[in-house]
There are 2 protein chains.
Amino acid sequence: MTDDELDLVFGALADPTRRAILARLAQGDASVNELTGLFAMSQPAVSRHLKVLERAGLVSRSQQGTMRLSHLEAGALREATDWLADYRAYWEASYARLDALLADIDPSGPPDPS
Amino acid sequence: MTDDELDLVFGALADPTRRAILARLAQGDASVNELTGLFAMSQPAVSRHLKVLERAGLVSRSQQGTMRLSHLEAGALREATDWLADYRAYWEASYARLDALLADIDPSGPPDPS
DNA sequence: CTATTGTATAACGTGATGGTTCTAGAGTGC
DNA sequence: GCACTCTAGAACCATCACGTTATACAATAG
């Protein structure tokens with residue numbers, strides 16, 4: 001995934017309205033009008049949020065009669081998580097070092113994090 | 001994780017310079033001057049990027065002699081991936097439906113995606 | 001105390017973002 | 001064709017984001 005694509009995906013995710021749209025779409029496709037009903041904002045504003053999501057590859061759209069349905073496209077989300085996953089190794093190592101440090105202080109070992 | 005926190009984290013990740021800073025910090029702490037050397041931009045610009053990362057909880061900082069070291073804080077990254085993971089269920093279900101559809105067309109079942 | 005180095009802050013310009021209202025276009029029903 | 005509904009686009013405005021340069025602050029060295 002290119003840097004520009006990550007810009008678009010993370011940029012799209014940086015807005016609460018757009019995250020809420022994604023949350024709604026995870027439960028099924030929706031029309032622009034239906035989405036507009038969920039937020040305290042005008043229909044053109046929602047249309048523009050959808051455009052941002054579409055440009056980021058997070059959403060695809062299809063004509064369905066007189067309305068356009070938005071559909072969640074999980075591929076871009078997966079790529080974003082893949083990027084983040086590269087840091088998983090780091091933070092797991094980080095926690096491992098912390099555990100080692102705690103074990104060094106208290107040889108009974110770290111408590112079960114329940 | 002609150003919506004505001006997600007705004008800050010995804011907003012911070014939406015910039016390529018900041019992602020590059022995180023990538024650098026994953027390999028160890030670094031001073032502002034050292035980070036400035038990595039990018040074609042002024043030191044104040046880098047300082048502000050670090051401030052954004054700190055506000056998002058992605059980076060912590062400590063005084064080390066005359067310089068301030070930036071340290072990757074993986075916790076916020078984990079929370080971002082946790083948020084994204086909520087969609088994993090969706091897209092896996094989505095792929096499962098696709099598999100079912102393909103199986104319906106060709107009862108020999110979907111090929112091993114290797 | 002003074003000089004030096006590292007970092008932060010201030011002031012500014014410019015382009016992007018997110019909202020609005022008004023209007024145009026596209027698709028369906030009569 | 002005509003009316004109606006749904007959606008998109010244009011024009012505008014306020015605010016924010018990201019960069020700059022110049023300057024102030026903080027910590028160490030001499």
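In this text the structure is predicted, and so the values were computed from the model without any measurement. Protein chains get the first letters and strands the later ones, always in sequence-line order, with residue 1 at the start of each. Note that these values count all heavy atoms, side chains included, but never hydrogens, waters or copies made by symmetry.
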Handout entry: Qualifying residues under side-chain hydrogen bond (donor to acceptor under 3.5 Å, both in side chains), relative to Glu5(A), sequence neighbours excluded
Key = Thr2(A)
Handout entry: For Asp29(A), all residues meeting side-chain hydrogen bond (donor to acceptor under 3.5 Å, both in side chains), sequence neighbours excluded
Key = His71(A)
Fill in the blank from the handout: With sugar-phosphate taken as primed atoms, P, OP1 and OP2 and all else as base, the protein-contact string of nucleotides 10-27 of chain D at under 4.0 Å (heavy atoms; B, S, -) is --------BBBBB----S
Please tabulate, for the side chains in residues 43-68 of chain B, all donor-acceptor contacts under 3.5 angstrom to protein atoms that are two or more places apart in sequence or on a different chain.
{"from": "Gln43(B)", "atom 1": "NE2", "to": "Ser47(B)", "atom 2": "OG", "distance (Å)": "3.1"}
{"from": "His49(B)", "atom 1": "ND1", "to": "Arg18(B)", "atom 2": "NH1", "distance (Å)": "3.1"}
{"from": "Ser60(B)", "atom 1": "OG", "to": "Glu73(B)", "atom 2": "OE2", "distance (Å)": "2.9"}

Exercise for the section: Output the residues of residues 21-38 of chain A in contact with DNA chain C, where contact means a heavy atom of the residue under 4.0 Å from an atom of the strand; sort by number or write none. Expected result: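 Going residue by residue through residues 21-38 of chain A, none turns out to have a heavy atom under 4.0 Å of DNA chain C.
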Exercise for the section: For DNA chain C, note the earliest and the latest nucleotide, 5' to 3', having some atom under 4.0 Å of a heavy atom belonging to chain B. Expected result: dT5(C) to dT9(C)
Fill in the blank from the handout: dist Leu77(A):CG -> Asp86(B):CG (nearest 0.5 Å) comes out at 11.0 Å
Problem - Terminal helix-axis angle for the helix from dC1(C)-dG30(D) to dC30(C)-dG1(D), with five pairs defining each axis and rounding to 10 degrees - result: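 The helix from dC1(C)-dG30(D) to dC30(C)-dG1(D) shows an end-to-end axis angle of 20°.
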Exercise for the section: For the residue pair Leu13(A) and Leu6(B), establish whether any side-chain heavy-atom pair is separated by less than 4.5 Å. Expected result: no
Practice task
Report the residues that fulfil salt bridge (charged side-chain N to carboxylate O under 4.0 Å, His left out) with Asp7(A), sequence neighbours left out, ordered by chain and then residue number.
Solution key: Arg19(B)
Handout entry: Counterpart residues, side-chain contact (heavy atoms from CB on, under 4.5 Å), relative to Ala80(B) (two or more places apart)
Key =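 Once residues adjacent in sequence are excluded, the partners of Ala80(B) under the side-chain contact (heavy atoms from CB on, under 4.5 Å) criterion are Leu84(A), Val9(B), Phe10(B).
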Problem - All side-chain contact (heavy atoms from CB on, under 4.5 Å) counterparts of Glu34(A), not counting sequence neighbours - result: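 With neighbours one apart ignored, the set is Arg24(A), Ala30(A), Ser31(A).
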Fill in the blank from the handout: Closest non-hydrogen atoms of Thr17(B) and Phe39(B), given as atom of the first, atom of the second and distance, are O-CZ, 3.9 Å
Problem - Common cluster, Trp83(A)/Leu8(B), ILVMFWY with side-chain heavy-atom separation under 4.5 Å - result: no
